[in-house]
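Take a look at the structure below.
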Amino acid sequence: MQIISMIDFGELLRTFGVDWHLLVVQSLNFAVVSYLLYRFGFRSVVRLMDERRAKIESGLEYADRMRKEIDVFESSRAERIEVVKKEAGDIIKSAKNDAKLILEQGKVESRQLADNMVASAKREAVHIREQVIREAKGEIGLLVADITERVLQSQMSEEQRNEYAASAEKMLLSENLQ
Amino acid sequence: MFPCASFCSGHGEGVSVSPAVMFSIGNFPVTDSVIFSWIISAAIVLAVRFALRGGVKTIPSVGQSVIESIVGGLRDIVEPVVGRGAFATVFPCLLGYFFFILLQNVGGLLPGIGSIGVRINGEFRAFFRPANADLNTTLALAVVAFLAWAYFCVRCAGVKALYFEIFGNKADKSEISSVIYGILFFIFFAVGFIECISILCRIISLSFRLFGNTFGGENLLHNMYGFSSILKNIPVVNYLSYLIPLPFYFLEFLVAIIQSFVFTLLVSVYVGLVCNHGDHEHRVEF
């Protein structure tokens, strides 16, 4: 404190040329320059930088949110695809089973139908054959009888002609039946 | 260059510690440093306006980019120091300090500043003197910084917080006995008075630091010019004489940047000591 009291502050300030007028003027000078710089320059720059920063932050936040949503969507999509794949597999399996069943059933039915058709055709064939035989038998018999009659009228007796016609009919019948 | 024979260069003579009064307006003495600071102040404002001509844009022009990078860089440094709560209030003042001191210092390095003047009665008087090589300017800046500090502290932290910061008992009552806590209360109160002296001394430290560096740099450059003037008379090395002050110009340019940054940072630290208590508010919009 003694050292401080020994210093003649007035002399010290005079040595450095300190003048309260100059102090006031330089203070005002600085204050005015600072105000003008901020009012007409830095304020708008700082505001713009804040806006830009806010935009960047919101953009990054949005991108982050979107990335998370995409991740969630991707995982749900993968899960959904798995479920759908499983469902599709089940459907295909069921369809194959159904198809197999229908095929088997169709085979049985078609075989049955074919058997029926064959049986019916056989019956029809037998029936037609019998009918044809019957008709042919009559026709042939008449024809043979007619021919025989014509032949025998000239060479054979009545008894021989009948015997001959009967044996010819018998022979024809046995051939047709075979 | 000058028609009058009395105009001359003051290289090598050293710089007077006090500014020279060029003329007076009533009782107000207009000194070489005041004239210089007014010119540079006007130039700063015009330069910033020129850089931001046409208004600020989202996609910045070259001038706007320069200002944005300086402002953004300063903000990134100062914001954690001051604290987000006080930042919006303090930052305009800090920007003013940084740009004012920086450009006044850099302006002092312009050719002719402090070196072109007139000789009156055998004594050299420069027309212009770097503003910060005058204690009036740096003292004015320090006084304004002190007043601004007090205002910011009261506005952002409150009188109670300011009082507590200076005189308050900062001991944790739960960790010590009440007897010691009571004793500490008196000790902290007494320390508060020392703290007040320390706070007042900031005016001296801020002003003399800036003044000393700028004034010292100005003297250094003058002496280097004087030294180069001596070399001019030596036949072989006379061409090199012009190069001698050059490295010191780079040094002084660095000092100009550092001193403006130091002053700004110290003011922000002083504010931050009271206003910043690790707050976690969101960024304050201007």
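Just so it is clear: chains get the letters A, B, ... in the order the sequence lines come, proteins before strands, and each one is counted from 1. None of these values were measured; they are calculated from a predicted model.
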Please name the pair of heavy atoms, one in [X] and one in [Y], separated by the smallest distance, quoted to 0.1 Å.
| X | Y | result |
| --- | --- | --- |
| L48(A) | V56(B) | CD2-CB, 4.1 Å |
| Q26(A) | S33(B) | NE2-O, 4.2 Å |
| V17(B) | T15(A) | CG1-O, 3.1 Å |
| E68(B) | V45(A) | CG-CG1, 3.6 Å |

Above 12 or not: heavy atoms from other molecules or residues under 6.0 Å from [atom1] of [X]?
| X | atom1 | result |
| --- | --- | --- |
| N27(B) | CG | no |
| M66(A) | CE | yes |
| E195(B) | CD | yes |

With sequence neighbours left out, write down each residue that passes side-chain contact (heavy atoms from CB on, under 4.5 Å) with E79(A), or none if nothing qualifies. none
Is there a side chain to side chain contact (heavy atoms under 4.5 Å, CB included) between F100(B) and N29(A) once you walk through the steps? CA-CA 10 Å; F100(B) 186 85; N29(A) 184 19; 4.1 Å; yes
Should R52(A) and I59(B) count as side-chain neighbours, where that means a heavy-atom distance under 4.5 Å? no
State, with a plain yes or no, whether a side-chain heavy atom of F208(B) is found less than 4.5 Å away from one of F16(A). yes
Please state whether the side chain, the backbone, both or neither of L36(A) comes within less than 4.5 Å of a heavy atom of chain B. side chain
Return the option, out of P19(B), A131(B), P29(B), with the maximum number of heavy-atom pairs under 4.5 Å with chain A. P29(B)
Parallel, tilted or perpendicular, judged at 30° and 60°: which one describes the rings of F99(B) and F42(A)? tilted
Test applied, ring-ring contact (aromatic ring centres under 6.0 Å, His included); reference residue, F30(A); option that passes from F98(B), F263(B), Y97(B): Y97(B)
